[in-house]
Asks: 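Quick one: the structure is below, and I'll ask about it shortly.
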Number of protein chains: 2
Amino acid sequence: MDVLAEAEDHPDAAELHRRAEPRAPGLSLPTVYRTLSALEDQGVIQRHQFEGAPACFQRAETAHHDHMIDIGTGEAVEFRSDRIEEPQARIAAKPGYDIVHHRMELYVRKTRG
Amino acid sequence: MDVLAEAEDHPDAAELHRRAEPRAPGLSLPTVYRTLSALEDQGVIQRHQFEGAPACFQRAETAHHDHMIDIGTGEAVEFRSDRIEEPQARIAAKPGYDIVHHRMELYVRKTRG
DNA sequence: ATCAGTGCAAACAGTTTGCACGTCC
DNA sequence: GGACGTGCAAACTGTTTGCACTGAT
């Protein structure tokens, strides 16, 4: 199942199935989903649910980052900004919460002109 | 359909159907969905897709804000932080993008102790 | 007569589950 | 022979669509 390990992008379950099938002939989609869920529970991979798209996955070992999704292509670009990360905990702490995790996505389109 | 106007929370389509049905007897769920989609297209309402929950809706007229979702209750609390908003445009502009919109959600749980 | 808006039932997409089967220890 | 992991088909949830009907214009 670690077709994911060699993926540079953010493939969804069906895409992973497509990529894995050649080297595991007869592999079924339910098995892909089961495996992905298991890996996610173990914290080995992350599931991202972007707007209007099936869930996509990537290894969790990469450093923390957020995503910028190109509305035209659906492509997800990663970025990181401490200036954004840093105030979050403070905001949550005030009303008595701990952040379990967060989601920060910029939906963008190529600048025209 | 502007049961939404008097809603203080973030109801989903089924919940809106439940609330609207008394004053529009026989109202069907497809009609609720159709109306919500139309209102969203006109920019009158916003659709939020939080993790592991059906889409929920609110009037667009409220000032821009982000959401903090209590994992225990599913309740969404609104917040706003200029310190978070401000760096976003800069991040997107660098690789030649315009932000169409963004999503910023903190998934939190009540602090124990 | 036409048109927009509706309910119903069925389609749909993505994901999950039940179950029967095979394999390995 | 018992536990496990699989494929298949079917269930499931949230949402959308086809279609026939209505009521206003």
Side-chain angles (χ1 to χ4, degrees), chain A residues 1-5 7 9-60 67 69 71 73-76 101 103 105 107, chain B residues 1-5 7 9-60 67 69-76 101 103 105 107:
Chain A
M1 273 318 300
D2 289 23
V3 169
L4 254 185
D9 52 352
H10 298 77
D12 62 24
E15 177 61 26
L16 285 168
H17 181 224
R18 238 168 276 129
R19 294 188 196 174
E21 216 273 344
R23 80 189 68 171
L27 176 67
S28 72
L29 202 45
T31 296
V32 173
Y33 276 108
R34 281 188 274 235
T35 307
L36 288 171
S37 295
L39 292 175
E40 190 193 8
D41 289 348
Q42 296 168 223
V44 178
I45 65 174
Q46 288 180 322
R47 176 191 305 251
H48 299 298
Q49 186 68 261
F50 300 141
E51 291 183 5
C56 64
F57 302 84
Q58 67 176 21
R59 310 190 302 287
H67 293 91
I69 294 97
I71 290 182
T73 65
E75 195 190 352
H101 76 286
R103 203 191 207 180
E105 291 151 20
Y107 291 84
Chain B
M1 272 317 299
D2 291 22
V3 168
L4 254 186
D9 51 352
H10 298 77
D12 61 25
E15 178 60 25
L16 285 168
H17 181 225
R18 238 168 278 128
R19 294 187 196 175
E21 216 273 345
R23 81 190 68 171
L27 176 67
S28 72
L29 202 45
T31 295
V32 172
Y33 275 109
R34 280 189 274 235
T35 307
L36 288 171
S37 295
L39 292 175
E40 190 193 8
D41 290 348
Q42 296 167 223
V44 177
I45 64 173
Q46 289 181 322
R47 177 191 302 251
H48 300 298
Q49 186 67 262
F50 300 141
E51 291 181 7
C56 63
F57 302 86
Q58 66 177 19
R59 310 191 301 286
H67 293 92
I69 295 97
D70 184 323
I71 290 182
T73 65
E75 195 190 351
H101 77 284
R103 203 191 209 184
E105 292 151 20
Y107 291 85

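Numbers restart at 1 for each chain; the letters A, B, ... are given by sequence-line order, proteins then strands.
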Asks: How many Å lie between CD on E51(A) and C1' on dG14(C), as a whole number?
Replies: 17 Å
Asks: Without decimals, in angstroms, what is the distance between H17(A) NE2 and dT6(D) C1'?
Replies: 12 Å
Asks: Side chains of H10(B) and Q58(B): do they bring a donor and an acceptor to under 3.5 Å?
Replies: yes
Asks: Give a yes/no answer on whether the side chain of T31(A) brings an N or O atom under 4.0 Å of OP1 or OP2 in dG7(D).
Replies: yes
Asks: Could you state the atom-to-atom distance from CZ of R34(B) to C1' of dG18(D) in whole Å?
Replies: 10 Å
Asks: State, without any angle test, whether H101(B) and E51(A) hold a side-chain donor-acceptor pair at a distance under 3.5 Å.
Replies: yes
Asks: Which part of the nucleic acid does A14(A) contact within heavy-atom distance under 4.0 Å: base, sugar-phosphate only, or nothing?
Replies: nothing
Asks: Nearest whole angstrom, please: distance from the P of dG14(C) to the CG of L36(A).
Replies: 15 Å
Asks: Check the distance between dG7(C)'s P and L27(B)'s CG and give it to me in whole angstrom.
Replies: 5 Å
Asks: E40(B) has an atom CD; how far is it from atom C1' of dT16(D), in whole Å?
Replies: 14 Å
Asks: dT15(C) phosphate, OP1 or OP2: any side-chain N/O from Y33(A) under 4.0 angstrom?
Replies: yes
Asks: If you check every side-chain atom of P30(B), which of dT15(D), dT17(D), dG7(C) has the closest atom?
Replies: dT17(D)
Asks: Rounded to the nearest Å, what distance is computed from the CG atom of residue L29(A) to the C1' atom of nucleotide dT6(D)?
Replies: 13 Å
Asks: Hey, does the side chain of Q46(A) reach the backbone of F57(A) with a donor-acceptor pair shorter than 3.5 angstrom?
Replies: no
Asks: Tell me whether R59(A) contacts the main-chain N or O of A5(A) through its side chain, where contact means a donor paired with an acceptor under 3.5 Å.
Replies: yes
Asks: How many whole angstroms separate atom CG of D12(B) from atom P of dG14(D)?
Replies: 8 Å
Asks: Of all the nucleotides listed (dT15(D), dC8(C), dT15(C)), which has the minimum atom distance to the side chain of Q49(B)?
Replies: dT15(D)
